[in-house]
Participant: 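Can you read through this structure? Questions will come right after.
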Amino acid sequence: DCVMYYEIVVTGILNVTGVPNADGVLPKLIGAGHNRLFKVESGGELVVKSLNLTGGDVRGIQQIARGGAVRIDGTGTSTSCSFTAPECVFYNNFAPNYGSAIYVGMAGWELEGTGCSAIIKSSTFVKNRGKVAVFVHKDSVLTVKNCRFIQNSASNLFGTHSSAQLNVIGGSVTSDT
């Protein structure tokens, strides 16, 4: 397990793969209580696999308080960005605005640029808190395939805005509030 005191900003290609222990428990990347875990910027490509992304918290980051665990944001450029997360757990992340676990898109209503994309598959979202657990915004695409949502405290599990595309395929929802 690893406690992250600062977010990792991805502007190139980064692959992070965890190796589960003998009992199948995923290694944890743990937020320090005041930061998200990853921010993918224009031109960035992040793949996380077999990891537990836990405790991302962006409540103290006023205007960019989106994406508690991961924020994928291609604001202001013509270069896209992407995020892929197979077989991960998003646990106990918080964002007071959009995307308590994941935010995909461009932050500014008036900004121009190329949208981002994210593919989340066979992952589990547990006890994430905020307005919307997973949010996709402005010219971006999010595909959620065969994921489970368990005891998340969000007004909505999914949210979209301004020419965003959301694809939800399979999966389950249990005891969400």
Side-chain angles (χ1 to χ4, degrees), residues 1-4 7-8 10 15-18 20-21 23-40 46-59 61 64-73 81-105 107 116-137 140-161 164-177:
D1 296 350
C2 174
V3 176
M4 298 175 61
E7 70 184 10
I8 294 175
V10 180
N15 292 303
V16 184
T17 300
N21 69 15
D23 296 324
V25 176
L26 300 177
K28 293 180 184 176
L29 296 181
I30 304 165
H34 62 274
N35 60 289
R36 79 177 51 87
L37 304 175
F38 293 99
K39 182 178 182 195
V40 183
L46 173 63
V47 176
V48 294
K49 181 178 181 183
S50 301
L51 290 171
N52 183 327
L53 304 176
T54 299
D57 189 329
V58 293
R59 81 180 85 214
I61 308 172
I64 55 172
R66 301 172 184 179
V70 180
R71 179 176 175 146
I72 304 97
D73 186 348
C81 52
S82 67
F83 174 65
T84 305
E87 303 166 10
C88 289
V89 173
F90 295 86
Y91 179 81
N92 195 31
N93 297 289
F94 177 77
N97 290 321
Y98 301 105
S100 57
I102 299 171
Y103 174 90
V104 183
C116 298
S117 65
I119 299 172
I120 317 300
K121 58 185 175 180
S122 302
S123 292
T124 304
F125 294 78
V126 182
K127 295 186 179 181
N128 296 288
R129 306 169 328 271
K131 286 183 182 177
V132 181
V134 179
F135 191 83
V136 60
H137 185 222
S140 295
V141 178
L142 170 62
T143 300
V144 178
K145 184 174 183 181
N146 298 325
C147 292
R148 298 181 314 150
F149 291 82
I150 303 167
Q151 297 179 337
N152 292 281
S153 298
S155 303
N156 296 292
L157 283 180
F158 302 104
T160 64
H161 193 278
Q165 180 180 338
L166 171 65
N167 306 302
V168 179
I169 304 161
S172 65
V173 177
T174 307
S175 300
D176 283 48
T177 57

Participant: Taking the side chain as everything from C-beta on, heavy atoms only, tell me whether V144 gets closer than 4.5 Å to I169.
Facilitator: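 Counting from C-beta outward, V144 and I169 never come under 4.5 Å.
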Participant: Specify the closest pair of heavy atoms between A85 and S123, including all atoms of both residues, with the distance to one decimal.
Facilitator: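 Answer, listing the atom of A85 first, then S123: O-OG, 3.1 Å.
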Participant: Looking only at heavy atoms, which two atoms of A65 and A95 are closest? And how far apart?
Facilitator: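 Taking A65 first and A95 second, the nearest heavy atoms are O-CB, 3.8 Å.
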Participant: Could you tell me the separation between the OG1 atom of T17 and the NZ atom of K49, rounded to the nearest 0.5 Å?
Facilitator: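 Rounded to the nearest 0.5 Å, the OG1-NZ separation comes to 6.5 Å.
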Participant: N146 versus S172: any side-chain heavy-atom pair under 4.5 Å?
Facilitator: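 SC-SC contact between N146 and S172 ruled out.
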Participant: Pick out which of N167, V136, I119, I72 makes a side chain to side chain contact (heavy atoms under 4.5 Å, CB included) with L142.
Facilitator: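 Single pass found, and it is V136.
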Participant: One pair to check against side-chain hydrogen bond (donor to acceptor under 3.5 Å, both in side chains): N93 and R129. What are the steps and the verdict?
Facilitator: CA-CA 6 Å; N93 297 289; R129 306 169 328 271; over 6 Å; no
Participant: Going by heavy atoms in the side chains, are N52 and L29 under 4.5 Å from each other?
Facilitator: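 Side-chain contact under 4.5 Å: no.
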Participant: Regarding K39 and E7, does a basic nitrogen lie under 4.0 Å from an acidic carboxylate oxygen?
Facilitator: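 No, no charged N to carboxylate O under 4.0 Å.
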Participant: Keeping S140 on the side-chain end and C116 on the backbone end, is there a donor-acceptor pair under 3.5 Å?
Facilitator: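 Answer holds: yes.
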Participant: F38 ring centre to R71 NZ or CZ under 6.0 Å, with the angle to the axis within 45°?
Facilitator: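 Not flagged: R71 not positioned over aromatic ring of F38.
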Participant: Can you find a pair of side-chain heavy atoms, one from F149 and one from V126, that are under 4.5 Å apart?
Facilitator: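 F149 does not reach V126 side chain to side chain.
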Participant: Kindly compute the distance separating SG (C81) from CG (D73), expressed to the nearest 0.5 Å.
Facilitator: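 Between C81 SG and D73 CG, I get 7.0 Å after rounding to 0.5 Å.
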Participant: Determine the minimum heavy-atom distance between K28 and D1, stating which atoms define it.
Facilitator: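 That would be N-OD1, 3.0 Å.
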Participant: Please confirm whether Y98 and Y103 have ring centers closer than 6.0 angstrom.
Facilitator: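 Y98 vs Y103: aromatic centres not under 6.0 Å.
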Participant: Got a second to check how far N152's CG is from F125's CZ, nearest 0.5 Å?
Facilitator: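 The CG atom of N152 sits 8.5 Å away from the CZ atom of F125.
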Participant: Can you list the steps and then say if I102 with I120 is a side-chain contact (heavy atoms from CB on, under 4.5 Å)?
Facilitator: CA-CA 10 Å; I102 299 171; I120 317 300; 3.7 Å; yes
Participant: Quick check: closest heavy atoms across C147 and S122, and the distance to 0.1 Å?
Facilitator: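 Heavy atoms of C147 and S122 come nearest at SG-N, 3.9 Å.
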Participant: For the atom pair CG (L26) and CG (L53), what is the distance rounded to the nearest 0.5 Å?
Facilitator: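 With rounding to 0.5 Å, CG (L26) is 9.5 Å from CG (L53).
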Participant: Looking at N35 and M4, would you say the former's side chain and the latter's main chain have a donor-acceptor pair under 3.5 Å?
Facilitator: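 Flag set: sc N35 to bb M4 pair under 3.5 Å.
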Participant: For the pair N156 (side chain) and G159 (backbone), establish whether a donor and an acceptor sit closer than 3.5 Å, ignoring hydrogens and angles.
Facilitator: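 Not confirmed, N156 side chain does not pair with G159 backbone.
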Participant: Can you give me the closest heavy-atom contact between F135 and H137, atom names plus distance?
Facilitator: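 Where F135 meets H137 most closely, the heavy atoms are CE2-CB, 3.6 Å.
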Participant: For F90 and A69, work out which heavy atoms get closest and say how close.
Facilitator: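 For F90 versus A69, the nearest heavy atoms are CD2-CB, 4.2 Å.
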Participant: Can you check whether V25's main-chain N or O pairs, donor with acceptor, with D23's side chain at less than 3.5 Å?
Facilitator: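 Side chain of D23 to backbone of V25: no pair is present.
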Participant: After noting the C-alpha distance and the side-chain angles of N128 and N92, does the key distance pass the side-chain contact (heavy atoms from CB on, under 4.5 Å) rule?
Facilitator: CA-CA 5 Å; N128 296 288; N92 195 31; 5.7 Å; no
